[in-house]
Student: 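The structure is given below, and queries will be raised subsequently.
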Amino acid sequence: MALLHIDNLHAAADEKPILNGISLTVNAGEVHAIMGPNGSGKSTLAQVLAGHEAYDVTAGSISFAGEDLLDMEAEERAWAGLFLAFQYPVEIPGVSNAYFLRQGYNEIRKARGLDELDPIDFYDLLEEKLKVVEWGPEIMERAVNFGFSGGEKKRNEILQMAVLEPKLAILDETDSGLDIDALRIVANGVNTLRGPEKAIIVVTHYQRLLNYIVPDFVHVIAGGRIVRSGGKELALELEEKGYEWLTSEAAVA
Amino acid sequence: MSSSVEHLVSREYKYGFVTDIEQETAAVGLSEDTVRFISAKKEEPEWLLEWRLKAYRRWLEMTEPHWPNVNYPPIDYQGSTYYAAPKNQKPLGSLDEVDPKLLETYEKLGIPLSEQKMLAGVAVDAIFDSVSVGTTFKATLAKAGVIFCSFGEAVKEHPDLVRQYLGSVVPANDNFFAALNSAVFSDGSFVFIPKGVRCPMELSTYFRINAANSGQFERTLIIAEEGASVSYLEGCTAPKRDENQLHAAVVELVALDGASIKYSTVQNWYAGDENGVGGIYNFVTKRGKAMRDAKISWTQVETGSSITWKYPSVILQGDNAVGEFYSVAVANGRQQADTGTKMIHLGRNTRSTIISKGISAGEGQNSYRGQVKIMPGAEGARNYTQCDSMLIGNRCGAHTFPYIDVRNASSDVEHEASTSKIGEDQIFYCKQRGLNTENAISVIVNGFCKEVFRELPMEFAVEAQKLLGVSLEGSVG
C-alpha cells in the first residue's frame with residue numbers, strides 16, 4: 001500500500017484555483033523531488049498536504065497511511081506522521097526551542113498511546129538529535145526561530161524533523177537561502193533520516209540540493225499540474241534547459 | 001473558508017460557586033450612618049471613625065472618573081451593601097476555630113488554611129467578604145518580628161503604626177474610589193517588617209467575595225522599615241452572579257531607606273458571562289513610596305473582572321530608588337481593562353522599569369495607560385517602558401495611552417511599544433508540530449508573557465501560566 005496517494009487534487013486560495021489535478025503516489029522508502037517555476041503550485045501542494053486552512057480542496061482525494069488525510073486536522077496529520085519543513089519557519093518569541101519541541105513530541109506520543117517523556121529524558125534524546133544538524137545544546141534555550149538567521153531556521157526545521165521522526169517529511173524549499181556549508185549540513189541531516197519505512201518529498205527550485213539528497217523520482221509542476229515525471233536525470237535536464245520547454249508544452253497540452 | 005482565529009464560548013469559571021453561610025450585613029445604602037456602623041462593628045477608635053467620616057464627606061463632593069477607556073452603566077452607590085461578614089465571628093484563638101464551611105471554601109479554591117497543608121514557605125491571610133477569617137504562620141513570623149495580620153486586628157494591636165502610615169501614600173481624598181474605600185473599608189491585610197529584617201516567608205492574602213449585592217473594599221498596608229524586605233502575593237476570586245459587584249480596594253506600600261517590597265497580584269475575579277452580564281468592577285488604587293535606595297516592584301496578572309481600572313504606581317522619593325511594574329492583562333469575552341502604572345521620579349538617580357503585556361481576545365478591550373513623570377530634582381533619572389499588545393481574533397481591541405512628562409534634562413526615558421496579532425501562521429506552525437489549537441495559543445501567549453511571569457514567586461508562576469491558559473481557552477476555534 002502506498003504511504004501517500006494523491007488523486008486528482010484540486011485546490012484554491014480565495015477562490016483562485018492553484019492546483020488543477022495533481023496525482024502522485026509515494027511509497028515508503030522513496031524520495032520524490034517536486035520541481036517547477038515560481039507560482040507553479042509546489043508550495044501550495046506542501047501546504048495542502050500539511051492542512052493549512054488558507055487553501056480549499058475543491059476536488060480529489062488524498063490518503064495517507066491508509067487514512068483520509070483531508071478529513072484530518074493539521075495536528076492529527078502530525079500525529080499520523082506527516083511533517084512539513086516550512087519554507088518560512090515561524091518565530092515564537094519567549095518559547096524555548098526545547099520546550100516547544102517537547103510539547104510537540106509528547107503530543108504525538110500521546111496520540112499514539114505512548115507515555116510522555118519528562119524534560120530530563122527528552123533532553124537526552126535531544127542531545128542525540130542535535131548531532132544530526134551539528135549543533136550544540138545552546139540552541140535549545142533560544143526562543144523558537146526568534147532572531148535566527150535564515151540558515152539557522154532551516155537547520156532548526158531539520159532538527160525538529162529528526163526529533164519527531166515522521167513517516168513522511170515534506171521539505172518546502174529548504175535549500176533556499178542556504179550557503180554551501182549550511183546546505184551540506186541540512187542535506188546530511190536529511191540523509192541520516194532516510195530509511196525503508198520513511199518517505200521524503202523535496203520541493204525545490206534548483207537541482208543543487210538534489211546533488212546531496214538524491215531522489216528516486218523527479219516531478220515537474222507547472223500550472224498546478226504535474227507535467228513531467230522521471231528519474232533523477234530529469235533534474236539535470238531541467239538544470240540545463242530551464243523550465244520553459246516544459247511549461248510551454250503544458251500550455252500547448 | 002472560515003478563519004481559524006475566531007471567537008467561541010469561553011469555558012466555565014471554576015471559582016463561581018457560592019458558600020452558603022449565615023451573613024451579617026449592613027443595611028443597603030451608603031450614608032454617614034453606614035460609616036459609623038462599620039466602624040462600630042470593628043470596634044474602632046474615635047480617630048479612625050473621624051478619618052473615615054472625613055473621607056466620606058470628601059467623597060460626596062467628588063465625581064466618578066470617566067476618563068478610563070471603559071463603558072458601563074451608571075453605578076447605583078445606594079443600591080449596594082457595604083459590609084458583609086460571616087456570622088458568629090469571635091476573636092479567633094487559632095485557625096481551628098474558623099467555621100469549617102469557610103475552611104472548606106478555601107480548600108475548594110485551592111488555598112488550604114491548615115498549616116500542615118500549606119505551601120511551604122507561604123503565610124496566608126484569608127479575607128472573606130468584609131473580614132479576615134484567619135492568618136497562618138503568625139507565630140513563625142512573630143519570631144522574626146514580622147507583623148502579618150488582618151487590618152482590623154492591626155488597628156487594635158498596633159494602632160500607632162496604623163495611624164502613622166494609613167493614608168500616607170494614598171490620601172483619603174486621592175480619587176473617587178480611594179475616598180469611597182477610605183470611608184467604608186472593611187478589612188484587608190497589614191504587614192510590618194522591622195528594620196533590617198528579611199521576611200522569612202512569602203506572605204499572601206487571598207480575597208474572596210461571596211455575599212450577593214455587596215461591595216468589597218479592602219485596605220492593605222505594607223511597611224518595610226530600613227533595609228527590610230518582603231515578598232507579598234494576593235489572589236482574588238468571586239462567585240458567578242448576574243449583577244455587577246464593586247471592588248474598590250486601596251493598597252499602600254511604604255519602603256523606607258534601603259527596603260524592598262515585591263508585590264504580586266493574581267487577579268481572577270468573576271469576569272461576567274459571554275454576553276457581558278455580571279462580573280466584578282475592579283476599581284483599585286495601589287501605590288508605593290520608595291525612599292532612598294529602596295525598591296518597590298509590582299507584578300500583576302490580571303485575568304478576571306468585567307472591568308479593571310488599576311494603576312499600581314511608585315513614588316520614587318528617595319535618591320537611587322527603584323520602581324518596577326510587570327503586568328499581564330487579559331481582556332477576553334466582553335471584558336474591559338484600563339490598566340498601567342505611574343512612575344513618579346523625585347529623587348536623584350531613580351530608576352523605573354515598566355513591562356506591560358496586554359492580551360485581547362473575543363470582544364475584549366485592553367488599554368495600557370501609563371505615566372512616567374520626571375520631576376526637576378530627579379537628576380539622572382531613568383525609565384524604560386516596554387508595552388506590548390497581542391490581539392487574538394478580529395473583534396477585540398488594544399489601546400495604548402502613554403503619558404511622559406520630563407522636567408529634567410539629565411534624565412533618560414525610553415518607550416517601546418508593539419502590537420502583534422496572534423498569527424494563523426504561528427498557530428499552523430504549532431499544529432504542524434502536533435499541538436492542538438488551544439495548546440498552540442497557550443504556548444504562544446505564555447511565550448509573550450514570559451518576561452512578566454519570571455518576576456512572579458516560583459510557586460505562583462506555574463499557577464499564573466495555567467490561569468492564563470484557562471482564561472483564553474475557547475477564545476479561538
Student: Just verifying a value: how many Å separate B:Ile444 CD1 and A:Phe100 CZ, rounded to the nearest 0.5 Å?
Tutor: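 Rounded to the nearest 0.5 Å, the CD1-CZ separation comes out at 8.0 Å.
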Student: Taking atom types as modelled, find out whether B:Tyr429 and A:Asn145 have a side-chain donor-acceptor pair closer than 3.5 angstrom.
Tutor: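 A pair is found: one side chain offers a donor N or O, the other an acceptor, under 3.5 Å apart.
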Student: Is the count of non-hydrogen atoms from other residues, nucleotides or ligands lying under 6.0 Å from B:Arg382 atom CZ greater than 12?
Tutor: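 No.
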Student: Atom CZ in A:Phe86, atom CZ in B:Arg433: separation rounded to 0.5 Å?
Tutor: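 With rounding to 0.5 Å, CZ (A:Phe86) is 5.5 Å from CZ (B:Arg433).
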Student: Around atom CG of A:Asp68, are there more than 12 heavy atoms of other residues, nucleotides or ligands at under 6.0 Å?
Tutor: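 More than 12 heavy atoms, drawn from other residues, nucleotides or ligands, come within 6.0 Å of this atom.
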Student: Heavy-atom distances under 4.5 Å only: say whether B:Lys431 touches chain A with side chain, backbone, both or neither.
Tutor: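 Contact with chain A involves both backbone and side-chain atoms of B:Lys431.
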Student: Measure A:Leu101 against the heavy atoms of chain B and call it side chain, backbone, both or neither at under 4.5 Å.
Tutor: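 Contact with chain B is absent: no heavy atom of A:Leu101 under 4.5 Å.
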Student: To the nearest 0.5 angstrom, please state how far the CD1 atom of B:Ile427 sits from the CD atom of A:Glu53.
Tutor: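 It comes to 9.0 Å.
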Student: Kindly indicate whether the side chain of A:Pro93, heavy atoms from C-beta on, has any atom under 4.5 Å from the side chain of B:Gln426.
Tutor: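 A:Pro93 reaches B:Gln426 side chain to side chain.
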Student: Just checking A:Ile120: does its CD1 atom have more than 12 heavy atoms from other residues, nucleotides or ligands closer to it than 6.0 angstrom?
Tutor: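 No, CD1 of A:Ile120 has 12 or fewer neighbouring heavy atoms, counting only those of other groups under 6.0 Å.
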Student: Do side-chain atoms of A:Glu75 reach the backbone of B:Gln432 as a donor and acceptor pair under 3.5 angstrom?
Tutor: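 Not a single qualifying donor-acceptor pair exists.
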Student: Identify which of A:Leu84, A:Ile108, A:Val95 forms the greatest number of heavy-atom pairs closer than 4.5 Å to chain B.
Tutor: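 So the answer, after comparing A:Leu84, A:Ile108, A:Val95, is A:Leu84.
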Student: Could you check whether atom CG of A:Asp124 has more than 12 heavy atoms from other residues, nucleotides or ligands sitting under 6.0 Å from it?
Tutor: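 Count over threshold, so yes.
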Student: What part of A:Phe146 gets within 4.5 angstrom of chain B, counting heavy atoms only: side chain, backbone, both, or neither?
Tutor: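 Contact with chain B involves no heavy atom of A:Phe146 at all.
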Student: Under a 4.5 Å heavy-atom cut-off, does chain B meet the side chain of A:Glu73, its backbone, both or neither?
Tutor: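 Interface part for A:Glu73: side chain.
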Student: Can you establish whether the number of heavy atoms outside A:Lys153 located under 6.0 Å from its atom NZ is more than 12?
Tutor: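 For A:Lys153, atom NZ is crowded (more than 12 foreign heavy atoms under 6.0 Å).
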Student: Between atom CG of B:Leu435 and atom CH2 of A:Trp79, what is the distance when rounded to the nearest 0.5 Å?
Tutor: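 Going from the CG atom of B:Leu435 to the CH2 atom of A:Trp79 covers 9.5 Å.
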Student: Please test A:Tyr88 against B:Asp425 for side chain to side chain contact (heavy atoms under 4.5 Å, CB included), starting from the C-alpha separation and ending with a verdict.
Tutor: CA-CA 10 Å; A:Tyr88 303 108; B:Asp425 282 345; over 6 Å; no
Student: Go through the atoms of A:Pro166 and report whether side chain, backbone, both or neither lie under 4.5 Å from a heavy atom of chain B.
Tutor: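 It is neither, since no heavy atom gets under 4.5 Å.
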Student: Kindly compute the distance separating CD1 (A:Ile92) from CD1 (B:Ile422), expressed to the nearest 0.5 Å.
Tutor: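 Spacing of CD1 (A:Ile92) from CD1 (B:Ile422) equals 9.5 Å.
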Student: What are the two closest heavy atoms between B:Phe428 and A:Ala74, and how far apart are they?
Tutor: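 Reported closest heavy-atom pair: CE1-CB, 4.0 Å.
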Student: Could you tell me which portion of A:Gln103 (side chain, backbone, both or neither) has an atom closer than 4.5 angstrom to a non-hydrogen atom of chain B?
Tutor: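 A:Gln103 touches chain B through backbone and side-chain heavy atoms alike.
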Student: Within a 6.0 Å radius of atom NZ on B:Lys342, are there more than 12 heavy atoms belonging to other residues, nucleotides or ligands?
Tutor: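 No.
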